[in-house]
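Every chain is numbered from 1 and lettered A, B, ... according to where its sequence line falls, protein lines coming before strand lines.
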2 protein chains.
Amino acid sequence: MKALSIKDIALKANVSITTVSFIINGKAKEKSISDAVIKKVQQIIIDSGYKPNQIARSLRTGNSHIIGLIIEDISNSFFSRIARLIEDKAYKKGYKIIYSSTENNVEKAQDLINLFKSRNVDAYIISPIKGIEEDIQLLLNENKPVILFDRNLPELNTNYVGANHFAASYQAIESFIKQGKKNIALVTIDIDVQQIIERYEGYKKALIDYAIPVDEELVLKIPFNQPEVDTIKQIKQLFKAKKIDAVLFATNYLAISGLKVLKQINKKIDEHFAVIGYDDHEAFELHTPSVSTIQQPLEEIAETIIKLILNQLSSKTKLPDQQIIIPAKLILR
Amino acid sequence: MKALSIKDIALKANVSITTVSFIINGKAKEKSISDAVIKKVQQIIIDSGYKPNQIARSLRTGNSHIIGLIIEDISNSFFSRIARLIEDKAYKKGYKIIYSSTENNVEKAQDLINLFKSRNVDAYIISPIKGIEEDIQLLLNENKPVILFDRNLPELNTNYVGANHFAASYQAIESFIKQGKKNIALVTIDIDVQQIIERYEGYKKALIDYAIPVDEELVLKIPFNQPEVDTIKQIKQLFKAKKIDAVLFATNYLAISGLKVLKQINKKIDEHFAVIGYDDHEAFELHTPSVSTIQQPLEEIAETIIKLILNQLSSKTKLPDQQIIIPAKLILR
DNA sequence: CTGAAAGCGCTTACAG
DNA sequence: CTGAAAGCGCTTACAG
């Protein structure tokens with residue numbers, strides 16, 4: 001059973017394909033098609049359940065009403081929540097989202113950009129990784145709206161929406177210091193992306209500002225994408241080797257691994273040992289005691305991204321690039 | 001800057017579009033194109049960075065190498081993990097996945113099916129809801145492979161992959177009973193989908209088999225999609241109103257809400273009060289004490305789905321439908 | 001008020 | 001060994 005085409009409808013209605021097309025696209029009035037014809041054709045469309053072939057439409061018009069969302073890993077709750085929010089908001093404006101994970105793999109990211117490009121995606125929302133600058137530049141050359149989020153690629157001139165990780169991290173460390181902590185560790189990830197580096201910089205700056213010596217041995221950089229068992233081993237090692245009274249985890253999954261370690265070695269979070277996580281996780285609040293964390297305002301980030309995209313899509317001229325930095329909140333529990 | 005087309009390549013290589021097309025599609029040998037021409041054209045393609053327009057290809061061939069994945073909610077970790085696994089596995093076979101959430105909204109689900117259909121998606125993986133039977137039947141009429149997962153729609157003749165929720169739920173309750181529990185509650189969701197109903201049936205059957213009276217007041221059916229604060233209120237209410245020594249939560253987010261209640265009312269999980277959750281969640285293991293749960297074998301489910309899809313895609317004839325029920329595991333912690 | 005025709009970028013049956 | 005041409009299902013400039 002083949003799907004109906006515009007030809008079938010034109011045939012049934014005894015009008016030309018052109019007329020049907022105008023009616024479908026709401027240009028009937030403008031093209032002064034008679035009301036009688038409009039009604040007749042619309043009725044036939046409804047009765048037959050005809051849906052225009054978007055592929056053909058897309059090939060012809062070059063756009064798709066689809067926004068491509070490229071993220072690191074959909075199974076990370078930070079991304080899946082953002083994805084869901086963006087999806088909801090875009091849907092209300094008549095745009096669909098298709099998304100896919102890069103797994104921090106340059107080749108896969110490039111593949112995805114090409115996939116989306118070859119599908120005539122109207123705009124791109126990308127949580128980028130180093131190594132895809134050129135590919136993104138190609139999109140920009142084609143005048144496609146591109147919004148980077150979560151991470152910036154400073155060498156590109158485009159839009160960016162992200163949280164202020166430097167300030168958030170600084171603030172977290174500052175709160176440790178004000179609680180009298182001296183041996184403050186940072187468990188972060190060994191990956192050269194801006195938003196991770198900022199967290200490290202904020203950590204260091206706070207220590208320096210408060211005249212606490214920076215001990216690089218208190219900074220644990222976990223290799224990216226390594227199995228969690230190894231991460232747990234390394235964190236356990238850190239906790240054993242050094243005297244630590246506070247620790248900031250730079251991502252939610254690192255914090256989860258850290259909490260598992262604490263459970264294994266039977267170390268409690270209390271007045272002698274403070275923990276702050278990153279990017280909330282249900283386990284944080286539920287944990288006994290509840291774990292403080294740095295929260296990115298997901299709703300606001302999603303809203304801002306969609307607003308930027310829609311503005312650009314509705315504007316015929318290229319809008320100036322915007323770099324929007326949204327404060328992250330330290331939630332003390 | 002417009003993208004290159006096959007015409008541009010043909011022009012540069014001084015051959016026909018046909019020849020270029022054959023070479024791109026690996027039919028050069030079969031069409032006995034000379035090695036010299038093949039080499040020349042391939043070099044030009046590489047040098048110019050030409051990528052065939054998939055939209056045009058899709059319009060012509062009717063397929064896309066894309067599999068559509070329709071789930072309830074990407075921000076639920078059960079779905080986001082499955083999505084990620086399916087994505088990985090499909091990617092290795094040269095298929096891309098595009099996914100989107102239905103939010104248990106019939107209209108949105110229909111929209112998505114139409115979206116995917118109009119994008120010539122090659123196959124569908126759907127976690128279905130009641131009310132979209134007809135839409136799925138239309139896909140089947142068009143001979144598109146459809147795999148339902150997580151939930152079945154028994155009235156449809158198609159493939160299904162899911163866990164045995166009846167058995168899993170039965171087993172959970174049985175384990176409570178063997179611990180000597182008598183007042184066993186079930187917190188479930190008020191939604192008419194098979195995999196949720198099965199959990200209820202398993203609960204009831206186990207009680208009956210062990211001659212424990214079924215008290216409907218111990219079964220709390222939470223309205224779907226209600227704000228979590230209300231859910232928490234209702235669970236709190238249940239815990240207060242009834243004497244309960246064990247509770248099975250029918251989904252992971254209900255269990256999370258339940259754990260929050262326990263924390264609020266300062267009730268401990270111990271030998272007097274047992275809890276089993278559903279669909280693992282990091283917070284379960286991390287919780288003090290760790291929370292037992294019914295685990296669906298995500299890896300196996302994803303693997304099975306992809307295998308079914310690929311089989312169907314590579315077979316010219318319609319394969320017999322398969323209903324694959326995978327046992328869920330009770331993880332006692 | 002409406003239609004014939006070109007063209008979007010491909011694939012493929014057919015011809016030579 | 002290779003190419004001209006039809007056609008996938010649309011949109012739209014042009015003509016009447």
[N] phosphate, OP1 or OP2, under 4.0 Å from [X] side-chain N/O:
{"X": "B/Y50", "N": "C/dC10", "value": "yes"}
{"X": "A/N53", "N": "D/dC8", "value": "no"}
{"X": "B/S5", "N": "C/dC8", "value": "no"}
{"X": "A/T19", "N": "C/dG3", "value": "yes"}
{"X": "A/T61", "N": "D/dC10", "value": "no"}

[X] [atom1] to [N] [atom2]: how many Å, rounded?
{"X": "B/K27", "N": "C/dT12", "atom1": "NZ", "atom2": "C1'", "result": "7 Å"}
{"X": "A/R119", "N": "C/dC10", "atom1": "CZ", "atom2": "P", "result": "12 Å"}
{"X": "B/I6", "N": "C/dC8", "atom1": "CD1", "atom2": "C1'", "result": "14 Å"}
{"X": "B/I55", "N": "D/dC10", "atom1": "CD1", "atom2": "P", "result": "14 Å"}
{"X": "B/N120", "N": "C/dT11", "atom1": "CG", "atom2": "P", "result": "14 Å"}
{"X": "A/E30", "N": "D/dA13", "atom1": "CD", "atom2": "P", "result": "10 Å"}
{"X": "B/I38", "N": "D/dC1", "atom1": "CD1", "atom2": "P", "result": "10 Å"}
{"X": "A/I23", "N": "C/dG3", "atom1": "CD1", "atom2": "P", "result": "10 Å"}

Earlier contact from the 5' end, DNA chain D, for B/L59 and B/D35: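 The residue whose closest nucleotide sits nearer the 5' end is B/D35.
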
Searching all strands shown, indicate the nucleotide that pairs with D/dG3 (Watson-Crick or G-U wobble; both distances under 3.5 Å).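 Here D/dG3 is engaged in a pair, and the nucleotide opposite it is C/dC14.
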
Strictly below 4.0 Å, N to O, side chains only: are B/D88 and B/R84 in salt-bridge contact?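 Answer for the salt bridge query: yes.
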
Salt-bridge criterion met for B/D135 and B/K117 (N-O under 4.0 Å):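 Here B/D135 does not pair with B/K117 in a salt bridge, since their nearest N and O are not under 4.0 Å apart.
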
Report, as yes or no, whether the 6.0 Å neighbourhood of atom [atom1] on [X] holds more than 12 heavy atoms from other residues, nucleotides or ligands.
{"X": "A/K307", "atom1": "NZ", "answer": "no"}
{"X": "B/E155", "atom1": "CD", "answer": "yes"}
{"X": "A/Q323", "atom1": "CD", "answer": "yes"}

Any donor-acceptor pair under 3.5 Å linking the side-chain atoms of A/S16 with those of A/T19?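 A donor-acceptor contact under 3.5 Å links the two side chains.
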
How would you label the contact of [X] with the nucleic acid (heavy atoms, under 4.0 Å): base, sugar-phosphate, or nothing?
{"X": "A/R60", "value": "base"}
{"X": "A/S21", "value": "base"}
{"X": "A/I17", "value": "base"}
{"X": "B/T18", "value": "base"}

Out of D/dA4, D/dT12, C/dT11, which nucleotide sits closest to the side chain of B/S16?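 Shortest atom-to-atom distance from the side chain points to D/dA4.
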
What nucleotide among C/dA13, C/dC10, C/dA4 has an atom nearest to a side-chain atom of B/R57?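 Between C/dA13, C/dC10, C/dA4, the one nearest the side chain of B/R57 would be C/dC10.
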
